[in-house]
Protein chains: 2
Amino acid sequence: MAVAPPRPKDLPLSALRAFEAAARLESFAAAAVELGVTPGAVTAQVKGLEAALGAALFERTARGVRLTAVGARALPGFVAAFDAMAGAVQVLRAEAAPQTVHIATLPAIAQLWLSPRLPDLRAAAPEIVVSITAMEAAPNLKRAPYDLSLFPGASGMLLAPEVIFPVCSPGLAARLRGPEDLAAVACLQDATWAEDWAVWAAEAMPGQRFTPRGPVFSLYALAVEEAAGGAGVLMGHEALVAGHMARGALVAPFGTRVTLAQGLRLWSARPLRPGSAVQRVAAFLAGQGWPA
Amino acid sequence: MAVAPPRPKDLPLSALRAFEAAARLESFAAAAVELGVTPGAVTAQVKGLEAALGAALFERTARGVRLTAVGARALPGFVAAFDAMAGAVQVLRAEAAPQTVHIATLPAIAQLWLSPRLPDLRAAAPEIVVSITAMEAAPNLKRAPYDLSLFPGASGMLLAPEVIFPVCSPGLAARLRGPEDLAAVACLQDATWAEDWAVWAAEAMPGQRFTPRGPVFSLYALAVEEAAGGAGVLMGHEALVAGHMARGALVAPFGTRVTLAQGLRLWSARPLRPGSAVQRVAAFLAGQGWPA
DNA sequence: AAGCTAGGGTCAGAAAAAATGAGGCTGAAT
DNA sequence: ATTCAGCCTCATTTTTTCTGACCCTAGCTT
């Protein structure tokens, strides 16, 4: 005979997630990217939340959004809550699929560094399933569903230093006497490492202005193939062109090598449990010495 | 020119919420009640989550569900995460509507204890909006969106002891010589406090079996009105019938009063910030002495 | 043994929520 | 003045979620 409980419904979780992302990133557009939706969806979610609360959370300007005092005071709790949620999801995933390891990395690293090492890894630990996701920028490991990330950076476990120097096919190399000959050939560039040529030139040709001319690639692995095919000179990252150099497809025509401050580094989302699949994969990757 | 990121989509939050509730309560049916949906909806959510994970989270039996080892290891993280989320929502609500206080209580307490005191509260703090939600059982304050809860219980701040004794209209009282006369009149009962008569009878008529006969109400306030109208004898809760007794509508025909172990108590969801609307309302309620 | 009950499962259809896509507005930077 | 990045709106579409009705099983009751 008890009456139906007309309870005040709670706030929708998805709207809270949109608020948290938008507030943390201080941008609806950035939040939309993070959440994988369109900006309009974020607008709608936040608007719905504000309507439910009866208070504004953002101040909108033509240049973007800024948190109101109310929103700013509420934000830290949500950041913590969603961090905790993501952590719980990681634990759940690990429990559900204890032999699967998810790795996030740059496309170039995935193809040129990680991929050649996978056969050995499979041989060493055939029961581990390695899942690799390529992306342009390192994910927020507190949130994204990856166990390991492999990116150039300044902190984390160093897997290989970043040493760069021009590489090209042996045939093309025969026609290059010195760095000044670069002006006469195509200099392949990669969009991800747009600064490479300038950095190297500053070392190899001090005082001279050098503007590389040649095709720009968005996939470094493709640029490597093109260079091996004789299309031009590419700024090689040692860790990524080592395979091609070892089999003679690429050679270094000049002696100048530049070591970048950041190297290829490994991060883990959470402390590695000894014996876990993640820990074993990390140990394998860390143990990959660099073939001289 | 960057390729569209085909990212692995995260687990749906609503499914995680269903899992958390079902796992914590160890019952899909109970989770459905807590979430305000039908059991079928919970089934579907959990099933979807299990499918996404590729692992079973519950063992189903005809008598209910039990967590699997995987589910059990994942649960604590989700409980913590949803607690944090609810806390963040509370903060957000408080920031958005700092002058609103949400109180959860029994219907009977709402009508017979709280309601008569609201005019004084409004007079003392007219800027505070008090929202009262009646429910059958005390909510989980860590989760439910209430600032204060007012229920019979053993812990929390005592607002009034629970003293019970029979009450009836003055006219009916004149025909009652002693407790044994109760067998000849209607004994009104309330579903929420089904044990009241037995408890009181054990004290007032030791050794005798006493089974109250009379209508059963699911709304105590209605039973009080009926009793005042002469419909029978009701087991009165002092804090709730005081108003009617003060104006003579109800009288206590017998001298035996029984004090229950638990009293009317006030809980708050989180520490009271001095000067906050919640703190002021709590102080007002706590300061309500009991008219002798 | 038959009936009852509590707790889950399933399914089709309905309802609600969320997302899209196209167009518009604003103000800072060029 | 023009461009451009960001946000807003709105109608429409897509996806998710929920319901409602019914079935199934195991433990109790009668």
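Sequence lines set the chain letters: A, B, ... in the order given, protein chains first and strands last, and positions in each chain run from 1.
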Please tell me if [X] has a side-chain N or O lying less than 4.0 Å from either OP1 or OP2 of [N].
X	N	answer
S14(B)	dT17(D)	yes
R60(B)	dG9(C)	yes
T43(A)	dC8(D)	yes
Q45(A)	dA17(C)	no
K47(A)	dC7(D)	no

If you check every side-chain atom of [X], which of [options] has the closest atom?
X	options	answer
T38(B)	dC18(D), dA18(C), dT19(D)	dT19(D)
V37(A)	dC7(D), dC18(D), dA19(C)	dA19(C)
A41(A)	dC8(D), dA19(C), dG8(C)	dA19(C)

Exercise. Indicate yes or no: does R60(A) engage E50(A) in a salt bridge with an N to O separation below 4.0 Å.
Key: yes

Can you tell me how far [atom2] of [N] sits from [atom1] of [X], to the nearest Å?
X	N	atom1	atom2	answer
L16(B)	dT17(D)	CG	P	11 Å
L57(B)	dG9(C)	CG	C1'	17 Å
L25(B)	dA6(C)	CG	P	18 Å
R66(B)	dA26(D)	CZ	P	14 Å
E59(B)	dG9(C)	CD	P	13 Å
F28(A)	dT9(D)	CZ	P	10 Å

Practice problem: Could you check A62(A) against L13(A) and say which one's nearest nucleotide on DNA chain C is further toward the 5' end? | Solution: L13(A)

Quiz prompt | Residue mapping more 5' on DNA chain C - nearest nucleotide basis, R17(A) or R63(A) | solution =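 Its nearest nucleotide lies further toward 5', so the answer is R17(A).
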
Quiz item: So, does Q90(A) use its side chain to make a donor-acceptor pair with the main chain of R270(A) at under 3.5 Å?
Solution: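 Not a single qualifying donor-acceptor pair exists.
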
Quiz prompt | Expected output: side-chain R66(A) to main-chain E59(A) donor-acceptor under 3.5 Å | solution = no

Quiz item: Going by the angle between their ring planes, with limits at 30° and 60°, are W197(A) and F210(A) parallel, tilted or perpendicular?
Solution: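 Answer is tilted, since the angle falls between 30° and 60°.
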
Practice problem: Determine the contact category for G40(A): base if any of its heavy atoms lies under 4.0 Å from a base atom, sugar-phosphate if only primed atoms, P, OP1 or OP2 are that close, otherwise nothing. | Solution: base

Quiz item: Which part of the nucleic acid, if any, lies within contact of V65(A), taking any heavy atom under 4.0 Å across all strands shown: a base, the sugar-phosphate backbone alone, or nothing?
Solution: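 The answer is sugar-phosphate, as V65(A) gets under 4.0 Å only of primed atoms, P, OP1 or OP2.
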
Practice problem: Show the numbers, then the answer: is there a side-chain contact (heavy atoms from CB on, under 4.5 Å) between L92(A) and L57(B)? | Solution: CA-CA 10 Å; L92(A) 177 58; L57(B) 296 170; 3.8 Å; yes

